[in-house]
Protein chains: 2
Amino acid sequence: MTEHLRETSQRRVILEELGKLTSHPTANEIYELVRKRLPRISLGTVYRNLELLSQSGLIQKLEMAGTQKRFDGTIGNHYHIRCIGCGRVDDLRLPAMKSIDEAAADLSDYEILWHKMEFGGFCPDCITPRSKRGEIEILDIKKNIIGRKD
Amino acid sequence: MTEHLRETSQRRVILEELGKLTSHPTANEIYELVRKRLPRISLGTVYRNLELLSQSGLIQKLEMAGTQKRFDGTIGNHYHIRCIGCGRVDDLRLPAMKSIDEAAADLSDYEILWHKMEFGGFCPDCITPRSKRGEIEILDIKKNIIGRKD
DNA sequence: CGTTAATCAGTAATAGTTACCATTATGGAT
DNA sequence: ATCCATAATGGTAACTATTACTGATTAACG
Ligand SMILES: [Mn+2]
Ligand SMILES: [Mn+2]
Ligand SMILES: [Zn+2]
Ligand SMILES: [Zn+2]
C-alpha cells in the first residue's frame with residue numbers, strides 16, 4: 001500500500017498541464033504535452049500517475065463507452081458529451097442527478113451505488129459540414145430525378 | 001457494401017445461442033458456447049458476425065465503460081446495471097428516457113442525438129458477502145476496543 | 001448445375017494499457 | 001546537512017481485446 005504520494009516533477013507537470021485544459025485529453029495527449037517540458041518522461045509514468053492521481057481524487061478518470069480513457073482536471077460529478085464527428089468531449093452543464101439512482105433502485109434487486117451517463121451528438125463545428133453534405137445529397141437526388149428518362 | 005446477409009450455420013448458431021441467454025455475454029463467452037456446436041468456428045467469425053448482426057439491428061452491441069464489449073439478444077433501448085462484485089450485467093426495467101436528451105440539448109450547443117446510461121452496484125449474490133465482511137470488521141473493532149489496556 | 005460475391009478459418013497485426021525491473025530521487029528521521 | 005527506506009522512474013516487454021488480411025469455401029441467385 002502507498003504511504004504517501006511524493007511530489008515528483010513528473011507528477012507536478014502532469015497535474016499542471018491537465019489543469020490548464022478544459023478539454024478531456026487521452027493519456028497520450030497528456031504525454032505529448034508533458035514531453036515538451038520533460039522530454040525524458042515515459043508514457044508508462046504518465047499512465048501510472050494519471051491512475052494514482054485519479055485514485056486519490058485529484059483528477060478524474062473518464063472511462064467512456066467504446067473508446068480509450070480520458071482524463072479530467074475538473075473534479076465533481078458532471079456529465080459529458082462526445083461529438084460523433086470529431087471525437088471531442090465536452091462538459092455538459094447538467095447536475096448529476098442522484099435521484100436517478102433511487103428511482104432505479106426501486107426497479108431492481110441490486111444495491112445501486114452510482115450511474116454514468118454519456119451523451120452523443122454533433123458539436124458546433126461539426127453541425128454545419130453535416131447539413132452542407134445533406135444539402136448536396138438532396139441536390140444530387142433532385143438532379144437525378146429531373147435528369148432520368150423513364 | 002453488403003448486398004444481403006446470408007444465412008450461414010455459424011451466423012445462425014451465434015444468433016440462437018445469444019437468444020437463449022438473458023445475460024449479456026462477451027464475444028469470447030459466445031465463442032465458447034458456439035464452439036460446442038461448431039467446434040471449427042473461429043473467434044474472428046464470431047466477432048465479425050456480432051458486428052454485422054448488431055449493425056443490421058438483430059442484436060445489440062453494448063459498449064460499456066472501461067470493459068470489453070458485451071452483446072444483447074434483446075433489442076430496444078433499455079439501461080443496464082453492472083455488479084461491482086462479480087461483473088455480471090443485468091437489464092434494468094427503466095424505460096429509456098428520451099426527454100433527458102431534450103433537457104440536455106437546452107444546456108448545450110451540441111446537436112444531441114442520444115444518451116447512454118449505466119448503473120453500478122452490488123447484485124443480490126454479492127450484497128450478502130459484503131455485509132458479512134462488514135460485520136466481521138465491526139466485531140474486530142469492538143473486540144479491539146474491549147481488549148485494549150490503555 | 002454454374003457463377004459470383006459473401007463468408008469462412010486461420011493467423012498476423014494493431015491499439016491501448018499494464019507489468020516488470022534495475023536505477024534514481026524524495027522526504028522523514030537522524 | 002546527511003542518511004536511508006522505499007516510492008517512483010525510464011525503458012521495455014507483455015498482455016488483452018479487437019480488427020485486418022488472405023486464400024479457400026459456400027450460400028444464393030437464376
Ligand atoms: Mn469534464
Ligand atoms: Mn439488456
Ligand atoms: Zn465535432
Ligand atoms: Zn455480483
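Proteins get letters first, then strands, A, B, ... in listed order; numbering begins at 1 in each. The analysis underlying the following values was restricted to heavy atoms, covering all of them including side chains, and did not include hydrogens, waters or symmetry mates. Since this is a predicted model, take the numbers as computed values, not measurements.
- For CZ of B/Arg37, the number of neighbouring non-hydrogen atoms (other residues, nucleotides, ligands) closer than 6.0 Å is greater than 12.
- Using bins of under 30°, 30° to 60° and over 60° for the plane-to-plane angle, the ring pair B/His24/B/His78 lands in the tilted bin.
- Contact check of residues 10-29 of chain B against DNA chain C (heavy atom, cut-off under 4.0 Å) returns B/Gln10, B/Arg11.
- In this structure, the side chain of B/Ser108 does not engage the main chain of B/Ala104 through any donor-acceptor pair within 3.5 Å.
- In this structure, B/Val46 and B/Ala27 approach most closely via the heavy-atom pair CG1-O, 3.7 Å.
- Between A/Tyr31 atom OH and D/dT12 atom C1' there is a gap of 12 Å when expressed in whole angstrom units.
- Rounding to the nearest 0.5 angstrom, the gap separating the CD1 atom in B/Ile59 from the CG atom in B/Leu15 is 7.0 Å.
- Summarising the geometry, atom CG belonging to A/Asp106 is positioned 12.0 Å from atom CG belonging to A/Asp109; distances are rounded to the nearest 0.5 Å.
- B/Glu51 places its CD atom 13 Å from the P atom of C/dT7, with the value rounded to the nearest Å.
- Rounded to whole Å, the distance from CZ on B/Arg48 to C1' on C/dG10 is 11 Å.
- Rounded to an integer number of Å, the gap from B/Leu50 CG to C/dC8 C1' is 15 Å.
- One finds no salt bridge joining A/Glu63 and A/Arg70 here, because no Lys/Arg side-chain nitrogen approaches an Asp/Glu carboxylate oxygen to under 4.0 Å.
- Interface residues of residues 58-75 of chain B facing DNA chain D, ordered by number: B/Gln68, B/Lys69; criterion, heavy-atom separation under 4.0 Å.
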Protein and nucleotides 23-30 of chain D: nitrogen or oxygen contacts under 3.5 angstrom:
{"from": "D/dA27", "atom 1": "N3", "to": "B/Arg6", "atom 2": "NH1", "distance (Å)": "3.3"}
{"from": "D/dA28", "atom 1": "OP1", "to": "B/Glu7", "atom 2": "N", "distance (Å)": "2.8"}

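- The environment of CZ in A/Arg93 is sparse: at most 12 heavy-atom neighbours from other residues, nucleotides or ligands sit within 6.0 Å.
- Side-chain contact between B/Lys61 and B/Glu51 is present, with at least one heavy-atom pair separated by less than 4.5 Å.
- When the salt bridge (Lys or Arg N to Asp or Glu O under 4.0 Å) test is applied to B/Arg88, the partners found at least two apart in sequence or on another chain are B/Asp90, B/Asp125.
- Below 30°, between 30° and 60°, or above 60°: for A/His115 and A/Tyr79 the angle between ring planes is between 30° and 60°, a tilted geometry.
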- request: Output, in order, the C-alpha distance, side-chain angles, deciding distance and verdict of side-chain contact (heavy atoms from CB on, under 4.5 Å) for A/Ile81 and B/Ile112.
  value: CA-CA 8 Å; A/Ile81 179 159; B/Ile112 293 178; 3.3 Å; yes
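- The separation between A/Gln55 atom CD and D/dA8 atom P is 11 Å, rounded to whole Å.
- Within residues 39-47 of chain A, the residues having any heavy atom under 4.0 Å from DNA chain D are, by residue number, A/Arg40, A/Ile41, A/Ser42, A/Thr45.
- Salt bridge annotation for A/Glu17-A/Lys36: absent, with no cationic side-chain nitrogen under 4.0 angstrom from a carboxylate oxygen.
- For the atom pair CZ (B/Arg12) and CD (B/Glu16), the distance works out to 6.5 Å, reported to the nearest 0.5 Å.
- Summary for the helix from C/dC1-D/dG30 to C/dT30-D/dA1: the axes at its two ends, each from 5 pairs, differ by 30° when rounded to the nearest 10 degrees.
- Remark: side-chain polar atoms of B/Ser56 are paired, donor with acceptor, to backbone N or O of B/Leu52 under 3.5 angstrom.
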